[in-house]
Amino acid sequence: MATIKLETPLTIDKIKDLHSGDQVLLSGIIYTGRDAAHKRFIEVLEKNEDLPFDVQGQVIYYVGPTPTKPNQAFGSGGPTTSYRMDAYTPPLINKGLIGMIGKGKRNDEVKAALKGHAVYFAAVGGAAALMGKCVIKAEVIAYEDLQAEAVRRLEVKDLPLIVVNDIKGNDLYVEGPQSYLKEHK
Amino acid sequence: MKIVKYEDIVLKVKLACLQMTTDLPQDVQNKLEMMAMQEDGQLAKQMLDIIIENANIARQENRPMCQDTGMVVCFVKMGQNIQIEGGLLADAINEGVSLGYEEGYLRKSVVNNPIDRINTLDNTPAIIHYDIVEDDVLIIEVAAKGFGSENMSQLKMFPPAAGIAGMKEFVKQVVIDAGPNPCPPIIVGIGLGGDFEKAALLAKKAAIRNLDEVNPNEKLLALEKELEVEINNLGIGPQGFGGKTTTLKVNIEMFATHIAGLPVAVNINCHAARHIKVVL
Ligand code: SF4
């Protein structure tokens with residue numbers, strides 16, 4: 001299985017051939033956000049105001065990192081469980097969000113919103129030291145009061161990801177275990 | 001009588017916090033390496049390799065292995081003849097946690113209560129359980145429990161008629177429901193018997209028990225092995241992408257129960273199974 005290199009911002013053209021189970025190394029700018037930040041995103045959208053960054057073609061990483069030590073660019077930062085962001089996700093995809101990084105299954109509404117429009121990647125849950133090292137630069141761009149949950153702009157190099165939900169509707173969390181069981185009957 | 005100084009407890013708990021969050025216990029690392037060798041799926045094996053590499057980076061570079069540095073849980077075993085000099089035991093533990101989480105640049109993930117949800121800013125309070133014993137000992141088992149796995153835990157009060165078969169089905173269903181969320185491979189801690197809260201407590205003890213420890217109860221040992229095989233046959237695999245390795249170990253702790261009951265608690269721990277024993 002080849003590893004695919006991707007650069008943000010993403011376009012439909014760049015993600016259309018991704019298939020669930022593909023391994024990706026992602027580089028470029030991505031944004032962080034967890035429960036509390038997502039709640040604010042939606043409040044902003046409901047008031048017809050601008051999000052802290054334009055989500056068009058962008059990727060959000062569900063992460064609440066450890067505090068950054070002096071002389072490091074970033075702390076440890078692996079994915080948090082994505083279902084907590086499910087309720088907030090379809091409106092962001094409607095605004096042009098094209099990628100999400102987290103861990104764990106998404107609900108049916110999110111999966112439907114992803115189809116044809118966006119891709120859901122998993123990062124390796126718990127591999128936070130390794131992934132933290134892929135961050136070259138980090139800066140808080142909004143909601144500083146949320147501390148670990150503040151929105152950050154990250155510059156990443158070769159962040160290792162796995163495609164879970166591709167734009168064709170495949171789901172690695174369903175197909176992966178199924179095909180294992182088929183092979184080991 | 002043995003006297004233990006407050007400051008010594010603070011210092012040792014602080015060091016425990018610093019060490020456990022960056023240095024994956026050897027029992028867990030060994031099991032991960034063994035499972036990685038047995039895994040035949042390419043993606044599954046790679047996931048285990050990344051987890052092992054992550055543990056090595058964390059240890060070598062003194063970085064937290066996981067960003068969720070957890071809520072601290074302590075099991076205190078204290079001899080009746082121990083006297084703590086200089087303050088309360090709980091205060092000493094919490095002071096150690098506070099200092100450790102600050103010094104280690106660990107994430108402060110504790111909020112004051114579930115309604116106001118205001119971060120306490122130093123990861124306290126720790127959850128502390130006490131066990132009073134006979135000897136002149138003071139042992140604190142310190143664990144950092146992440147909530148990705150904690151949230152996937154469940155408890156059920158079965159009637160005795162459900163039997164061990166019912167208990168096994170429940171445990172497997174908890175693991176299936178959890179799926180990829182607790183970052184498999186996981187450690188499955190089971191509390192069997194007691195009452196409602198005793199079962200949960202036993203399950204937590206089981207979830208943070210050393211993986212090399214062999215259950216002295218033969219029936220439980222057999223049950224642990226059976227469940228380990230059956231859970232790994234579910235095919236969930238590392239990270240839930242499919243594969244052999246869903247659980248690293250099933251641990252069961254048991255206690256007496258009522259004639260009318262069969263409490264079963266399942267506490268899930270993740271591969272970042274941070275636990276350390278502090279002896280004072
Ligand atoms: S479940 Fe464990 S490994 Fe996964 S993010 Fe939480 S603490 Fe880390």
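Throughout, protein chains are lettered first and strands after them, A, B, ... in sequence-line order, and every chain is numbered starting at 1. Everything quoted here is computed from the prediction, not taken from an experiment.
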Among residues 25-36 of chain B, those lying within the under-4.5 Å heavy-atom range of chain A are none

Item checked: Pair B/Ile57-A/Leu130, side chain to side chain contact (heavy atoms under 4.5 Å, CB included): steps then yes or no -> CA-CA 7 Å; B/Ile57 291 173; A/Leu130 184 145; 4.0 Å; yes

Whatever's closer than 4.5 Å to a heavy atom in chain A on B/Ala58 counts as both

Cut-off 4.5 Å, heavy atoms of chain A, and the answer for B/Lys108 is side chain

Counting neighbours of NZ on A/Lys111 that are heavy atoms of other residues, nucleotides or ligands and sit closer than 6.0 Å, is the number greater than 12?
yes

Verify the neighbour count for atom CD of A/Glu43: are there more than 12 heavy atoms of other residues, nucleotides or ligands below 6.0 Å?
-> yes

Flag if over 12 foreign heavy atoms under 6.0 Å of CD1, B/Ile118: yes

Heavy-atom closest pair (A/Ala129 atom, B/Arg63 atom, distance to 0.1 Å) is CB-CB, 4.0 Å

OG1 (A/Thr66) and OH (B/Tyr105) are apart, to the nearest 0.5 Å, by 11.0 Å

Whatever's closer than 4.5 Å to a heavy atom in chain B on A/Ala36 counts as neither

| query | Is there a side-chain contact between B/Phe241 and A/Val164, using heavy atoms and a 4.5 Å cut-off? | reply | yes

Between the CD1 atom in B/Ile50 and the CD1 atom in A/Ile162, the distance rounded to the nearest 0.5 Å is 6.0 Å

Check against side chain to side chain contact (heavy atoms under 4.5 Å, CB included), A/Thr81 and B/Asn151 = CA-CA 10 Å; A/Thr81 322; B/Asn151 281 341; over 6 Å; no

CG (B/Leu43) and OH (A/Tyr180) are apart, to the nearest 0.5 Å, by 13.5 Å

CZ of A/Phe74 to CD of B/Gln67, rounded to nearest 0.5 Å, is 9.0 Å

- Task: Apply side chain to side chain contact (heavy atoms under 4.5 Å, CB included) to B/Asp40 and A/His184, showing your working.
- Result: CA-CA 11 Å; B/Asp40 47 19; A/His184 292 77; 3.6 Å; yes

| task | Begin from the C-alpha positions of B/Gln46 and A/Gln23 and carry the test side chain to side chain contact (heavy atoms under 4.5 Å, CB included) through to its verdict. | result | CA-CA 10 Å; B/Gln46 189 147 11; A/Gln23 285 176 266; 3.2 Å; yes

Looking only at B/Thr246, B/Thr22, B/Leu106, B/Thr69, the option with the highest number of non-hydrogen pairs under 4.5 Å against chain A is B/Leu106

Among A/Gly126, A/Ala122, A/Gly176, the residue with the most heavy-atom pairs under 4.5 Å to chain B is A/Gly126

Most heavy-atom pairs under 4.5 Å with chain A, out of B/Pro64, B/Gly148, B/Cys66, belong to B/Pro64

Honestly, the part of A/Ala148 sitting under 4.5 Å from a heavy atom of chain B is side chain

If one checks every heavy atom of A/Gln178 against chain B at 4.5 Å, the contacting part turns out to be neither

For residues 177-186 of chain B against chain A, heavy atoms under 4.5 Å, the residues are B/Pro180, B/Asn181, B/Cys183

### Query
Any side-chain heavy atom of B/Arg107 sitting closer than 4.5 Å to one from A/Ser76?
no

Whatever's closer than 4.5 Å to a heavy atom in chain B on A/Ser20 counts as neither

Test side-chain hydrogen bond (donor to acceptor under 3.5 Å, both in side chains), reference B/Glu61, set A/Gln72, A/Lys69, A/Lys133, output is A/Lys133

Most contact-rich option vs chain B, by heavy-atom pairs under 4.5 angstrom, among A/Pro67, A/Gly132, A/Gly64, A/Gly78, is A/Pro67

Checklist entry - Counting only heavy atoms not in B/Lys277, do more than 12 fall under 6.0 Å of its NZ? => result no

Bottom line for B/Leu234: the part with an atom under 4.5 Å from chain A's heavy atoms is backbone

